[in-house]
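Letters go in sequence order (proteins before strands), and every chain restarts at 1.
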Amino acid sequence: MSETVLDVGDLEAGYEPGVPIVRGASITVNKGEIVVVLGPNGAGKSSLIKAIAGLVPISRGKVLLDGKDITAAPAHTMVRLGLAFVPQTENVFPRMSVEDNLKVACGILERRQSPARIEEMYAAFPDLLRQRRTPAGNLSGGQRQMLAIARALIVHPKVLVLDEPSAGLSPKFVSMVFEMLSAIRKSGVTILLVEQNAKAALAIGDRAYVLVEGKERHEGVASTLWDDPVVAELYLGQRPLHRDSARRTETGGAA
Amino acid sequence: MSLQFIIDGLLTGSMIGLGAIGVTLTYSILRFSNFAHGDFMAWGTYATLAVVGTISAMFGKVAPITPFSFGWPLIVALVVGVGLTALLALLLDKVLFSRLRKQEQAIIVVMGSFGASMALRSLLEFIFTSRPTYFSRAIQIAMPVGFGIRITPDQIALLLLTAVLVLGVHLLTTRTQTGRSMQAMSQNPALARIAGIDVASVVRVTWVIGAALACVAGVMIGVLVQIRPLMGFDMLLPMFAAAILGGIGSIPGAVLGGLIIGLAEAGAVQLIGAEWRAAVSFIILMAVLIVRPIGLFGVRER
Amino acid sequence: MGDTVKRHGAETREPVLAAKDVVRRFGGLVAVNNVSFDVRPGEILGLIGPNGAGKTTMFDLLAGSILPSSGEIYLGGVPVSGEAAHRRIGRGLGRTFQIPRPLPNLTLIENVMLAAQGQTGEGLLANFLTPWRVAAEEKAAAKKAAELLELVSLTRLAHEPARVLSGGQRKLLELARVMMADPVIILLDEPAAGVNATLLEVIIERIRDINESGITFLLIEHNIDMVTRLCHRVLVMANGELLCEGTADEVARDPRVIEAYLGGAA
Amino acid sequence: MIDLVGYGAFFLTTALIFSLVTLGLNLQWGLTGLFNVGLAGFVAIGAYTSALLTTPDDPARLGGFGLPILIGWLGAMFAGGVAAALTGIATLRLRSDYLAITTFGVAVVVQLVALNAQKLTGGPFGIGFIPRPFGDLAETPLLFNLSNLAIVSAVTLAAYLALEHLTRSPWGRVLKALREDERAAISLGKSARFYRVQAFAVGGAIMALAGALQAHFTGFIAPDNYLSILTFQVWVMLIVGGSGSNAGAVAGSVLVWAIWAGSGALTSVLFTPEQQARAASLQIVAIGVMLCVILLVRPKGMFGERPRRARFGKRTKATASESGS
């Protein structure tokens, strides 16, 4: 049995108290895996991983990283603990050069290590080397995503967590990003990602969860999930509605 | 018109510019206009003055370093004063600003700084009275440097000091990890946290740099003009105007804005009289707000 | 399904709202690419598609919160592409938000009254020069607002501040607020999101009632169940483009749609 | 005894004039959320405009025009309103801090004009011989004080009632809506900038009127009356009273003025004349600290209604479930 890196148990989280968006989700990520979280719009996918990264207040449940409880850790300590997060949008500092974007993330490395580490990133992402003096705001969408991922990887995270890395990218870049993630996994980094583009994500993923209404409803091996009729149903909503759960605060009008 | 106004303008501009760096940093990183910044200037100056007084009480009268009007006590006192001003800023942040920031209404923080400004200024008046004082009453001979321009050794020293400080702060903010963290915070605080930047320490550095430069600017005013409790408050409008003219968040912009306003003020003094000096900043401020609110080097806020 | 709903507008009548070759770029990203469609009088038209398909951008363009890079938007046959959002409200366009924005410290009735257009009392001096007229208008507005709150089943809370409302109730309040401006067409952004089952039924019924009174709807929705029950026609967007249109059932069976939702549509 | 009544009337007159300024500020800040740190400038504009219009002709400066006092007051309101409207038009499309900085600048410039434009303002010596309403009664101070109080009370009451009327009007409703959620209000067809400029101008006009009242009440004005300390006092009055409430604005003004005058009297008893200037600055320190403490501890003030948006961990949950029962 492979070793669990990230263990999320019964997580409830949301921006406003009493209005949870994530409603008791549990997922695990094993060492070396790519795990994909899928689900229809508004299912709480982004909120789930943002809560894991310390960006959405958690009202219940636990997040364990390598067995260590990181549930209440402030966002800026997450990279130190080994969890690196790549947001969907605004994921680079637009008025800083590519190189400064990388350097700023080196804060937790030893000073002597960082130049070498930055060179390693350039080796992995040659496009960035060519643009090292360009302000990140001038990069194309795909290059920005690349930079954001490089920025997250630079500190040797145990888990790389990505929020819809393909969103808003043209098809060419979408396939490039997924190839990149595949390569990153081969280098030994564990990956958890939320993705709208299910087909492409399942192609590189090991396992996947389908999140509906803030809770995981289906779990499976990525390669077979695509043909699973349950998934299409969960997506398009032609399903018996499970509307009894959790939303006690919504009863205002009905009572 | 005599070209002397260039020297006067550069000197005034240096004082405004050094102050404006603090204003622009507070605005871009802590996201509020600090009306108490001028009072950091005044407090720094009086702190320096007090240390000078202590030194002369301990060591007796110390001869000035020729050709300047001041001796080593002022240099030592300035260093101590810078430290004390930084402490004051950090203390004020701890008891007031950090708590007001939690209320998540930028304008409440501005109001708090306004109250703090009044209290700080009046406290100075209480301790030192509103009578002006001086670091030194020695009269310096200004040396002619051609084109009808004259300059004193003190003035040369202070212009050089400004240049060194601006260069230092510029290098600090562009070439060091601390500086990059500050830039990152001003561009995207949420992403900065994700990238592992400790917000609290960036906030501290911001206060320390702003307060330290304010203290130096204040001591410059003290050496070249005079020391009054209101000295910082009177600099507030020129400093805000310089920060906005240069573009909020830009350190070179703040300095350039300061120099432009300093030169404009000095020019106006020659053309229409010293009494209208303070109106210059206002006119420049309004012009910038109407024509190009993002300033010279500013970036549109999203 | 389609036979249970009445069709109000004949096909020949002029569309209430129309988009023609509308393009919107954000930097290099094309959020809405060459989209054209008509909203026919009296219908409930659905707009569905995966996240990032450009639906909300399309709404913003129709409502005037953002302006198109090219193309034209017609409201009641009049081109309005350059017009600001608050001017379009005057032309009978109402809009709700995905996350409802009630004014939390105003009472429900104030929230609704605020939405009335062309109020004399909103002019500063009128309050002193013609107070009787302002008072009469206020009385009429209060009465209408009370009726609208009744319509959306919120009468009981009429004098409470809006902050006490639950997410679903906020959606109902928004509906009442939009109605106050006498709209010809209402754009609804995800009326079902974050709403519990009981309240959802209320919302569906209210939309149907209002529609039967002759008001046209365009709605973005992810709850396919709701779309199926309410909409006469459905448009599907993906990657900023219009993918297909038809009845809810037709659309749901379209392989292109399934493909778009599950990815790989690019 | 008569002295005491006379002093009481004098005290209340001043307090009510402050109330009037505070009412203007409450319209700008409490109702509309516009931060004015230069209100002393608008008060000064009113005082000088009215003085210029009503004083007898003076060869040393422009005017005076010897017009009736009422014209002076209307002129003051007009000038204050226009100045505020221009300030608003220039800055209200920008971030709120810019309005603060600009109003601060306005106060500096007004002060500068008052000091240096001798032809217009009499310079540092100010303007004297400003006609007083009931000036003939000056022989009997008590009657004079009481009649002044009557006029100031009437004006303040009128302003209060007008503002209350406006607050409850559809116009006031739009302002409240804009303060709470600008985007939502715009989506309901309200033009944010248009209403804000209006509110700022009306507030400026009221402040200017207060300045004019004060000028005609004391009969003499000078630049020193309009330093930033005035701005500061009025802010404390509003915050103590609770921004958003007109009654609070008046109550806060009277209370703070009582504290101010009382502590002033106390320092004059306790300290030697040489020490009094220093003691006075301690008075300002105390008030500055008070402002900060109120902002920290009780931002709603004594009568304030300005509840802020519910944030995480606060009462939203409780209220939502209450409403359901």
* Asked: What distance separates C/Asn127 CG from D/Arg168 CZ, expressed to the nearest 0.5 Å?
  ->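 Going from the CG atom of C/Asn127 to the CZ atom of D/Arg168 covers 12.5 Å.
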* Hey, could you give me the CH2/OG1 distance between D/Trp171 and C/Thr120, rounded to the nearest 0.5 Å? =>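 D/Trp171 CH2 to C/Thr120 OG1: 16.0 Å, rounded to 0.5 Å.
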* Looking at C/Ala181, C/Gly94, C/Ala135, C/Gly121, which has the largest count of heavy-atom pairs under 4.5 Å with chain D? ->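 Max contact count across the listed options: C/Gly121.
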* Could you have a look at C/Ile89, C/Leu103, C/Leu124 and say which one has the most heavy-atom pairs with chain D under 4.5 angstrom? =>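 Ranked by heavy-atom pairs under 4.5 Å with chain D, first place is C/Leu124.
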* Starting from the C-alpha separation in whole Å, work towards a yes-or-no answer on side-chain contact (heavy atoms from CB on, under 4.5 Å) for C/Leu106 and D/Arg173. => CA-CA 8 Å; C/Leu106 265 59; D/Arg173 194 162 61 211; 4.2 Å; yes
* Would you mind telling me which of C/Met180, C/Arg177, C/Arg95 makes a side chain to side chain contact (heavy atoms under 4.5 Å, CB included) with D/Leu188? =>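 Only one of C/Met180, C/Arg177, C/Arg95 forms a side chain to side chain contact (heavy atoms under 4.5 Å, CB included) with D/Leu188, namely C/Arg177.
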* Asked: Any side-chain heavy atom of C/Phe128 within less than 4.5 Å of one from D/Leu166?
  ->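 Side chain of C/Phe128 against side chain of D/Leu166, heavy atoms only: contact under 4.5 Å found.
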* Can you check whether C/Val134 reaches D/Ser169 side chain to side chain, under 4.5 Å on heavy atoms? ->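 Not in contact.
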* Relative to chain C, which segment of D/Ala162 carries a heavy atom at a distance below 4.5 Å: side chain, backbone, both, or neither? ->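 It is both, since atoms from each part get that close.
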* To do: Below 4.5 Å from any heavy atom of chain C, which atoms of D/Tyr195 appear? Answer side chain, backbone, both or neither.
  =>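 Interface part for D/Tyr195: side chain.
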* Contact residues of residues 109-119 of chain C (partner chain D; heavy-atom separation under 4.5 angstrom) ->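 Near chain D, by residue number: C/Glu110, C/Met113, C/Leu114, C/Ala115, C/Ala116, C/Gln117, C/Gln119.
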With a 3.5 Å cut-off and sequence neighbours excluded, list the donor-acceptor pairs that the side chains of residues 80-94 of chain D form with protein atoms.
unit_1	atom_1	unit_2	atom_2	d
D/Thr87	OG1	D/Ala83	O	2.7
D/Thr91	OG1	D/Thr87	O	2.8
D/Arg93	NH2	B/Leu289	O	2.8
D/Arg93	NH2	B/Ile290	O	3.4

